[in-house]
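Shown next, in structure tokens, is the structure this report addresses.
Just so it is clear, the structure is predicted and the values come from calculations on it, not from any experiment.
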Amino acid sequence: MPELPEVETTRQGIRPFLEGQRLRRIVVREPRLRWPVSPELLTLADVPVLAVRRRAKYLLLDVPDGQLLMHLGMSGSVRHVAEPATPGKHDHLDLELMQGGLLRYTDPRRFGALLWNPTPDRHPLLDVLGPEPLDAAFDADYLAAKARGRKQAIKTLIMDNHVVVGVGNIYAQESLFLAGIHPSRPAGRISAARLAVLVAAIRKVLADAIAAGGTTLRDFSRADGKPGYFQQELNVYGRGGEPCVQCGAPLTVTRHGQRSTVYCGRCQR
DNA sequence: ATCGGGACCTGCTTGC
DNA sequence: TGCAAGCAGGTCCCGA
């Protein structure tokens, strides 16, 4: 999936088509996403969209009586379709617009979701989330408190949504490289000063990626179909065995959980 | 309480 | 050329 910058780029891309506009209806061709598409969404008809917001990697579409929660999973994307063409195999749903055209949700792996939430911003999936990485609440003291006493690898800690949201596999690796921290280092054995550097690195990596319009992966594209431009700035992700951009040593590949990790054994301690 | 691993699903790349 | 294995952006849930 898209990581947080890709979700934010998607939000910005679809917002002009939704905010202040009206949804005609939602057409569901394949309800079997991560969770079944909420049946309530099938009865929705001609409703105004008040706002298009984001919390972690969830897109929040506010309507008068509640909110739509959309997640893109690993392989999801949304694009605007002006002249509806025959939907493809993985075009699971359409948000039809009153002014014509539609927003088409595509997700080959079906790890994404579209859920009805009658209690805006209050939901079991949202209530457990940690702070946004770009919010003031995510600071050095906060991360230090979360890391204290933990033996868990720092990489998996910063990828834990209960700790901080929006740090996926690409940007976790990039942030740790920028901070010079070994991804396997136990979180509780990193000094407060180095955690402060890591917080700054996470913020910088995500902010830069958002500014660049996200990273173009295999099948991610923005709502307007154009690629993201952050890829050329990736230092370690997907570069196992290639030379470190800082010291030239070959980058090491390892795994944390089921996710691959690339790092420089010389620059990251 | 914390942690790691499995599960969910399809498609693309790699290697025999 | 064909086929199987391995890998991919996420994250919930389970058992140890």
Side-chain angles (χ1 to χ4, degrees), chain A residues 1-11 29-37 54-59 69-78 87-93 105-115 123-130 133 145-175 183-189 202 205-206 209-210 212-222 227-231 233-234 236-241 253-262:
Chain A
M1 136 167 177
E3 292 206 29
L4 185 137
E6 289 72 28
V7 178
E8 177 59 23
T9 298
T10 297
R11 185 187 75 83
R29 282 176 292 272
E30 176 53 87
R32 296 176 303 164
L33 302 186
R34 170 156 198 172
W35 299 283
V37 173
R54 179 187 61 73
R55 173 74 174 104
K57 294 171 187 167
Y58 292 93
L59 292 167
L69 280 183
M70 180 184 284
H71 199 291
L72 301 177
M74 289 262 264
S75 58
S77 62
V78 181
K89 186 177 177 184
H90 303 300
D91 294 338
H92 305 314
L93 29 110
Y105 176 96
T106 305
D107 184 7
R109 293 176 73 178
R110 293 194 277 118
F111 284 177
L114 187 68
L115 299 172
H123 188 281
L125 292 169
L126 303 178
D127 294 344
V128 298
L129 297 173
K146 287 293 181 183
R148 194 162 298 132
R150 305 285 289 273
K151 295 175 181 172
Q152 184 182 22
I154 185 63
K155 188 201 177 202
T156 51
L157 183 82
I158 62 175
M159 289 180 70
D160 181 349
N161 281 336
H162 298 65
V163 174
V164 58
V165 302
V167 184
N169 198 32
I170 297 176
Y171 300 115
Q173 294 172 60
E174 295 299 318
S175 301
S184 301
R185 178 167 286 275
R189 292 209 267 111
I202 289 170
V205 164
L206 291 175
I210 290 169
T215 303
T216 297
L217 290 320
R218 284 171 182 73
D219 48 16
F220 175 74
S221 64
R222 312 194 305 186
Y229 290 97
F230 190 72
Q231 191 159 31
E233 298 177 40
L234 296 175
V236 285
Y237 175 78
R239 296 193 61 240
V253 182
T254 184
R255 293 187 87 76
H256 292 93
Q258 303 305 99
R259 320 302 298 282
S260 73
T261 307
V262 180

Using the aromatic ring of A/F111 (for Trp, its six-membered ring), decide whether it stacks on the base of B/dC8 within the limits of 5.5 Å and 30°. yes
Can you check the [X] [atom1] to [N] [atom2] distance for me, whole Å?
| X | N | atom1 | atom2 | result |
| --- | --- | --- | --- | --- |
| A/K146 | B/dT2 | NZ | C1' | 13 Å |
| A/W35 | B/dA7 | CH2 | C1' | 13 Å |
| A/L69 | C/dT11 | CG | C1' | 15 Å |
| A/M159 | B/dG4 | CE | P | 13 Å |
| A/K57 | C/dT11 | NZ | C1' | 9 Å |
| A/D91 | B/dT10 | CG | P | 15 Å |
| A/L129 | C/dT11 | CG | P | 9 Å |
| A/D107 | C/dT11 | CG | P | 13 Å |

On the nucleotide [N], are OP1 or OP2 found under 4.0 Å from the side-chain N or O atoms that [X] carries?
| X | N | answer |
| --- | --- | --- |
| A/R259 | C/dG10 | yes |
| A/Q152 | B/dC3 | yes |
| A/H71 | C/dG10 | no |
| A/R34 | C/dT11 | no |
| A/H90 | B/dG11 | yes |
| A/K151 | B/dT2 | no |
| A/R255 | C/dA8 | yes |
| A/S260 | C/dA8 | yes |

Could you please name the option among B/dG4, B/dG6, C/dT11 that lies closest to any side-chain atom of A/N161? C/dT11
Do A/E174 and A/L234 make a side-chain contact, defined as non-hydrogen atoms from C-beta onward lying under 4.5 Å apart? yes
When you compare the side chain of A/R259 with that of A/M159, does any pair of heavy atoms fall below 4.5 Å? yes
For nucleotides B/dG6 and C/dG6, find the distance between their P atoms and express it as a whole number of Å.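 Result for the P pair: 14 Å, nearest Å.
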Where does the angle between the aromatic ring planes of A/H92 and A/Y105 fall among parallel (under 30°), tilted (30 to 60°) and perpendicular (over 60°)? tilted
As a quick check of understanding, evaluate side-chain contact (heavy atoms from CB on, under 4.5 Å) for A/W35 and A/L115, giving each step before the final call. CA-CA 8 Å; A/W35 299 283; A/L115 299 172; 4.0 Å; yes
For A/G257 and for A/K89, locate the closest nucleotide of DNA chain B by heavy-atom distance; then report the residue assigned to the nucleotide nearer the 5' terminus.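 In this pair, the answer is A/G257.
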A/E6 side chain to A/S77 main-chain N or O, any donor-acceptor pair under 3.5 Å?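 No, A/E6 side chain to A/S77 backbone: no donor-acceptor pair under 3.5 Å.
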Could you tell me whether a side-chain N or O of A/E3 sits under 3.5 Å from a main-chain N or O of A/N169, the two making a donor and an acceptor?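 Checking the backbone N and O of A/N169 against the side chain of A/E3, a donor-acceptor pair under 3.5 Å is found.
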With both distances under 3.5 angstrom, what nucleotide forms a Watson-Crick or G-U wobble pair with C/dT11?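 C/dT11 is paired, partner B/dA7.
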5′-ward residue of the pair A/R109/A/L125 relative to DNA chain C: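 Residue closer to the 5' terminus by nearest nucleotide: A/R109.
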